[in-house]
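Lettering of chains follows the sequences in order, A, B, ..., and the numbering in each one begins at 1. Because the structure is predicted, anything quoted here is derived from the model rather than measured.
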There are 4 protein chains.
Amino acid sequence: MARPLSEEKRAAILRAATELVATVGTSAATSQIAKRAGIADGTLFTYFPTKDDLLNQLYLSIKSALAEAIMTDYPSRAGVFERTRHCWDRLVNWGAEHPTQHKAMRQLSVSDRISRNTRDAVNLAFQDINTMIRDNLSRDAADDESAAFVGALITAMSDVTLDCIAAHPEKIDLYRESGFQVFWNGVRP
Amino acid sequence: MARPLSEEKRAAILRAATELVATVGTSAATSQIAKRAGIADGTLFTYFPTKDDLLNQLYLSIKSALAEAIMTDYPSRAGVFERTRHCWDRLVNWGAEHPTQHKAMRQLSVSDRISRNTRDAVNLAFQDINTMIRDNLSRDAADDESAAFVGALITAMSDVTLDCIAAHPEKIDLYRESGFQVFWNGVRP
Amino acid sequence: MARPLSEEKRAAILRAATELVATVGTSAATSQIAKRAGIADGTLFTYFPTKDDLLNQLYLSIKSALAEAIMTDYPSRAGVFERTRHCWDRLVNWGAEHPTQHKAMRQLSVSDRISRNTRDAVNLAFQDINTMIRDNLSRDAADDESAAFVGALITAMSDVTLDCIAAHPEKIDLYRESGFQVFWNGVRP
Amino acid sequence: MARPLSEEKRAAILRAATELVATVGTSAATSQIAKRAGIADGTLFTYFPTKDDLLNQLYLSIKSALAEAIMTDYPSRAGVFERTRHCWDRLVNWGAEHPTQHKAMRQLSVSDRISRNTRDAVNLAFQDINTMIRDNLSRDAADDESAAFVGALITAMSDVTLDCIAAHPEKIDLYRESGFQVFWNGVRP
DNA sequence: TATGAATGAGCCTTCATTCAT
DNA sequence: GATGAATGAAGGCTCATTCAT
């Protein structure tokens, strides 16, 4: 059968949604997404019962991919600086290599359609990273809020860095480095 | 002239729009905005010919208020540290005092309905602040891109700080201080 | 007082309405008409209580002007041919000289907003002409319906003639003549 | 394919549109048309992407039906008189049998919502008839403008005839005959 | 009387979701 | 399961008319 299997369809929907959300935001029409995914309007709803569901799962899947990119080859036994540097570089490189996912992710993160549940699940995917932050970077190791603060700072600063890289792709090395300097000088223990 | 355009009504529309955009984003319906402003659906369009116009003017007015809050009593003759500290404190205090405006501002700043023109006008309102950044904080005083980078970092870091303050209003002093430390340590010349 | 007198305003409204109806049809907005007449939106309604009233009076006034143009210098004592020829030439000349009025008139004549009353009043303005038709041209002098038939034919044929003239103004003499030939050969007693 | 587009529904929409356009003109609301066609408001737009599209296709379909009615059993080998007579009778009979279509057609033909394209397509449908006119009736066989003039005259005169028939349906034979006499005497070669 | 802001019904169109095929 | 036509509730905007000034 030339038709892709179910899992491929699901992936095609998510891919199409990523591209459209990156371009036009969460107001992208489901029928547009279906068309770009190469399926019928109604089929989308057998994979995602609701547009909100699609958006939430999309957000979760992108964030998970990012978390995985960061944690692959994480040098657990290296020093704080190197571990931090590893995370930053992976984060920025992933964003530079996946600009569409990154744009979609930003659109989704400010949307009110992403539920409490989804945000919790995302935190779960970032658990290891958060732990690392709590242990190494937050001012007060016992303080969850402090860790969340630093985690949010990384995200925010990498977003800015990636915006600049998107505007001037040839300066990726410069911006990755500058961004890290600011971050590290700002938050190092 | 018959009834003149009422400045109060215009303000009521902007206020209603601020609240709804903060809550549900730019997809807030004009009829909801009108209802909340206490006027008829059609009246909104005598004040703002288009929903996009309303959104753009709303963005400009919030950003201008913020710029004014920052620049009031700006200690031009003080040292770099004090001037920077002034801006940071004003920015964070304004955000803490106007959480709705701040949320609306964030929604608007990622929206593609804000025009190039409006963004230029906003830059004009922030001209003094941008100049200050370029002269004092950016790595290369001659480099516009570097100044933009630092400016975006301030915004991003204050957004994070304000999110945390919104979640724990009683810790405003702590977060304002922590945020500044990270910022200052990160970008000081 | 530099402001025009009432009668002038009424005329200005009718003039503006003529131009707009000719251009965009009866869906021309009253506020557009008011603007083009140089008056306020509300003022229009002190001269014409309703848009339908305006449209009806406009139709009547144009038709009356046409009737007057036709009947001026009507050669009552001349023969049938000459009297008929006079009417035709006047009709076509008026249309060629007042293309805007003619276009507006045609738009109005197919509109369902022109009331029975107005159509009766128009007939009154054309009474003399109708009488002439009944006496000279209709197949059966006693038959009102027959006269109406011929009257409508004149109008229809002159409309066609005027459309052609509007498309090729330089051929006015040709079309006026051809049109008359068709008409006269068709309906002469 | 799931449910295919239903030819019946399309026809129902066109029928409803015909009736409403005949009654209130092109300002007939799409929601009224949908209601009268027995479908949901939105469904109309799966058959006609735009109100203008609906209007244009309606015009084309009515005009095509008329052209077909005229050309059916056209006596190609008969003399000029008989061929002309055939067309006239068919035209008038069609109008008398389809008064609603005829009224709608008149409304549409003066509307500026009918595009150049549609008018060209209509001309195509009338190509045979136009050829007949050019060859037999127009003063100058080589002259397109002259043929257009005569064509417009037929339409105009039949419209008048049909109006009279609509007012006095019992006199259809009389009016059909009188109309033809006027037309034939007027334009015969 | 003139003005033009205010009103709200109504218009065309979009779109998430359902369901007959 | 896949399809896409059908649905109808909004949505942004227009406009004839009213009425405070």
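At least one side-chain nitrogen or oxygen of A:Thr30 sits closer than 4.0 Å to the OP1 or OP2 atom of E:dA16.
Along DNA chain F, the nucleotide nearest to B:Thr26 and the one nearest to C:Ser27 differ in position, and the one closer to the 5' end is contacted by B:Thr26. Toward the 5′ end of DNA chain E lies the nearest nucleotide of D:Phe45, the other residue of the pair D:Phe45 and A:Arg113 mapping further downstream.
The CD1 atom of A:Ile62 sits 8.5 Å away from the CG atom of A:Leu14 when rounded to the nearest 0.5 Å.
Using a 4.0 Å heavy-atom criterion, one finds that D:Ala28 contacts the sugar-phosphate atoms exclusively.
Between the OH atom of C:Tyr47 and the C1' atom of E:dT1 there is a distance of 8 Å, rounded to whole Å. At whole-Å resolution of the value, CG in D:Asp53 and P in E:dT14 are 11 Å apart. Rounded to an integer number of Å, the gap from A:Glu8 CD to F:dG1 P is 17 Å. C:Leu54 places its CG atom 14 Å from the C1' atom of F:dC15, with the value rounded to the nearest Å. Atom CZ in C:Arg10 sits about 15 Å away from atom P in E:dT1, given to the nearest Å. Taking atom CD of residue C:Glu7 and atom P of nucleotide E:dA2, one finds them 12 Å apart after rounding to whole Å. In this structure, CG of C:Asp52 is placed 7 Å from P of F:dT17, rounded to the nearest angstrom. If you take CZ of B:Phe48 and P of E:dA5, they are 14 Å apart, rounded to a whole angstrom.
Contacts of B:Glu8 classified as salt bridge (charged side-chain N to carboxylate O under 4.0 Å, His left out), with partners at least two apart in sequence or in another chain: none. By the side chain to side chain contact (heavy atoms under 4.5 Å, CB included) test, B:Gln57 pairs with B:Arg10, B:Phe48, sequence neighbours left out. Applying the side-chain hydrogen bond (donor to acceptor under 3.5 Å, both in side chains) criterion to A:Thr118, with sequence neighbours excluded, gives A:Asn56, A:Ser115. Not counting sequence neighbours, the partners of B:Asp52 by the salt bridge (charged side-chain N to carboxylate O under 4.0 Å, His left out) test are B:Arg113. Under the side chain to side chain contact (heavy atoms under 4.5 Å, CB included) criterion, D:Ala12 pairs with D:Arg15, D:Ala37, sequence neighbours left out.
Of the candidates F:dC13, F:dA5, F:dA16, the closest approach to any side-chain atom of B:Lys51 belongs to F:dC13.
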Tell me which donor-acceptor pairs under 3.5 Å the side chains of residues 102-110 of chain A have, and how far apart each pair is, sequence neighbours excluded?
| residue | atom | partner | partner atom | Å |
| --- | --- | --- | --- | --- |
| A:His102 | NE2 | A:Asp159 | OD1 | 2.9 |
| A:Arg106 | NH1 | A:Asp163 | OD1 | 2.9 |
| A:Arg106 | NH1 | A:Asp163 | OD2 | 2.5 |
| A:Ser109 | OG | A:Met105 | O | 3.4 |
| A:Ser109 | OG | A:Arg106 | O | 3.0 |

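In terms of heavy atoms, A:Ala125 sits closest to A:Ala67 at O-CB, 3.6 Å.
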Under 3.5 Å, which protein N or O atoms sit close to an N or O of nucleotides 7-10 of chain F? Give each pair with its distance.
| residue | atom | partner | partner atom | Å |
| --- | --- | --- | --- | --- |
| F:dT7 | OP2 | D:Ala40 | N | 3.2 |
| F:dT7 | OP2 | D:Thr43 | OG1 | 2.7 |
| F:dG8 | N7 | D:Gly42 | N | 3.3 |

Base-pair map of DNA chain E as dot-bracket, where | denotes pairing with a different strand and pairs are Watson-Crick or G-U under 3.5 Å: .||||||||||||||||||||
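Among pairs with a residue in residues 20-48 of chain D, those fulfilling side chain to side chain donor-acceptor pair (under 3.5 Å) read D:Glu19-D:Arg36, at least two apart in sequence or across chains.
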